Amino acid sequence: MWVARRFLSSVAQRSQYAGQSGLFRRPQHGCLPELELRYLQCTCCWRSRVPVAGFETLNATISSTSEPCKEDNRSLDACYTSEQRDAILQLLNTATPSEMAGVKLLRGRKSLNIVEYRTKNGPFKTLESVVNVPLLKHKSAVIVFNSILNPVKKERKVRIQLAKFIRPEVDRSWLEDATSIVSLICGTNKIAWAHVDRGMTVLDWQQVECPNFLRGTYMASAYLNDVSTVLALLPSADFYIIEKSSISVQNTALFPVMAHMRTVEAMLFALLEPRNSSPESNIPPRVLNMMRTAVGRHFGLMVGESRTSGAQTVRQLMTESVTQKLPRINFPPELLVKYRNSFQMGSRRGGEELCDALLQAVAFYELLSESSS
């Protein structure tokens, strides 16, 4: 009881002196500029005080020092050694967009901006000059520099990503060695394709009407006649990518359309696939499926589980082909002239299959590039 009374009396006296109660007291002479100190009163020795950092100040201090080279008065060049700066500048000044795809944050538009900036202004001489590149500010530049110095291998994740949009699963090296692909879209009354090479240039882009599709019963001979007509026009390529429809088997209203799609798809697989290709052989399959939903998500065309028209996206790609030095995809002038009015809003020219064939080809190369990082 005497100890308790002495404790309460001592706390009360110190509270009157300090102007506040509790075990934590602020020093009356002010606080340090970097860290605000408070004192913990020792209950074993009444005259001892242990300095303790205030919790709010400590959290702020930790968060400010946990990320090196955060936005402060230091330049980016001061954050790295001379050897590190040379390694970073060497890659940024010499790497192609595909080579930069393995660096964190440098996929897509940022890598193209780097190439465009150094072409216009010359090679980067300092790390600080990199923040002049559009979409690369201080914080993202630090992430890029650290990724260059400490590359991370994600081989296991690569296989998972490829399996998400390509069937059957194939070795990534086969896909990377391909010089060109043909992207095929099967519609209800036509087949469209886009022939695109590794340099993202459209070599061929057209569609063919198939008058026997969805006419009466699914006559094999009639279907074979239309599909064979298309095959006679298809250019040669390393891989033929056929869209895998997302129509559900449970949707009974669209069952006739689904049966039609599967029939055409099966015929294309059978007629395009070389006979000596098998899982046992070391020859890769030449015909692959690509998930329609994967292409839709890549271009932001999904609304719930449904995919909207890609006509606006294709018009944008065609415009960028003539207005930008490094567009996502290059069109020959004759194809731009041929299709410049085919994808207008409200147009009834029936260009959806053409749009989808082109978008599937672009998504194939871009997703492959992303999965290799």
Side-chain angles (χ1 to χ4, degrees), residues 158-198 202-210 212-214 218-247 249 257-295 353-354 356-368 371-372:
V158 166
R159 295 195 184 99
I160 296 173
Q161 288 179 337
L162 282 175
K164 286 183 178 179
F165 66 90
I166 289 294
R167 295 286 192 280
E169 187 174 357
V170 296
D171 192 306
R172 181 164 54 88
S173 62
W174 290 339
L175 300 178
E176 292 177 340
D177 291 340
T179 57
S180 70
I181 63 166
V182 170
S183 170
L184 284 154
I185 301 294
C186 308
T188 55
N189 62 350
K190 59 177 69 72
I191 295 178
W193 65 89
H195 186 202
V196 181
D197 67 10
R198 170 64 58 183
V202 182
L203 305 176
D204 187 26
W205 189 26
Q206 58 177 298
Q207 64 183 12
V208 171
E209 297 285 339
C210 300
N212 294 306
F213 283 3
L214 284 176
Y218 295 85
M219 292 293 295
S221 57
Y223 266 69
L224 180 61
N225 182 59
D226 283 350
V227 173
S228 298
T229 300
V230 172
L231 261 61
L233 300 174
L234 287 182
S236 177
D238 294 295
F239 289 99
Y240 295 88
I241 314 298
I242 302 175
E243 179 187 71
K244 188 66 174 179
S245 174
S246 57
I247 299 176
V249 178
V257 177
M258 185 193 69
H260 156 73
M261 296 290 191
R262 296 289 174 85
T263 300
V264 178
E265 178 186 334
M267 284 189 170
L268 288 172
F269 262 86
L271 296 173
L272 287 171
E273 191 65 69
R275 294 183 179 181
N276 58 354
S277 176
S278 65
E280 292 76 17
S281 66
N282 198 28
I283 301 175
R286 192 168 66 164
V287 187
L288 304 171
N289 267 141
M290 189 164 182
M291 306 299 116
R292 177 176 173 82
T293 52
V295 179
E353 289 84 0
L354 278 171
D356 292 348
L358 181 72
L359 294 180
Q360 181 172 258
V362 175
F364 173 84
Y365 281 119
E366 291 184 346
L367 287 171
L368 180 63
S371 67
S372 65

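It should be emphasised that the depicted structure is a prediction, and the values quoted were computed from it without experimental measurement. Hydrogens, waters and symmetry mates are skipped; everything else that's a heavy atom, side chains included, is used.
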Nearest heavy atoms of [X] and [Y], plus distance in Å:
X      : Y      : value
Asn289 : Ile242 : ND2-O, 3.0 Å
Val230 : Cys210 : CG2-SG, 4.3 Å
Asn225 : Thr229 : O-OG1, 2.9 Å

Please assess Tyr240 against Leu268 for the test side-chain contact (heavy atoms from CB on, under 4.5 Å), listing each intermediate value before the final yes or no.
CA-CA 9 Å; Tyr240 295 88; Leu268 288 172; over 6 Å; no
Is any side-chain heavy atom of [X] closer than 4.5 Å to a side-chain heavy atom of [Y]?
X      : Y      : result
Thr263 : Phe213 : no
Asp204 : Trp193 : yes
Ile181 : Leu288 : no
Asn189 : Leu214 : no
Ile185 : Gln207 : no
Thr179 : Asp238 : yes

Side chains of Ser180 and His195: is there a donor and an acceptor less than 3.5 Å apart?
yes
What's the separation between atom [atom1] in [X] and atom [atom2] in [Y], rounded to the nearest 0.5 Å?
X      : Y      : atom1 : atom2 : value
Arg167 : Glu169 : CZ    : CD    : 8.0 Å
Glu176 : Asp171 : CD    : CG    : 8.5 Å
Arg286 : Ser236 : CZ    : OG    : 6.5 Å

For the pair [X] (side chain) and [Y] (backbone), establish whether a donor and an acceptor sit closer than 3.5 Å, ignoring hydrogens and angles.
X      : Y      : answer
Tyr223 : Met267 : no
Asp226 : Asn212 : yes
Ser183 : Leu358 : no
Glu273 : Val287 : yes
Gln360 : Ile241 : yes

Among all residues two or more places apart in sequence or in another chain, which pass the side chain to side chain donor-acceptor pair (under 3.5 Å) test with Ser221?
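Listed in chain order: nothing, the list is empty.
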Chi angles and distances behind the side-chain contact (heavy atoms from CB on, under 4.5 Å) call for Ile166, Phe364
CA-CA 9 Å; Ile166 289 294; Phe364 173 84; 3.9 Å; yes
Would you mind telling me which of Met290, Arg292, Met291 makes a side-chain contact (heavy atoms from CB on, under 4.5 Å) with Lys244?
Met291
I'd like to check the ring pair (Phe, Tyr, Trp, His ring centres under 6.0 Å) partners of Phe239; sequence neighbours left out, ordered by chain and number.
none
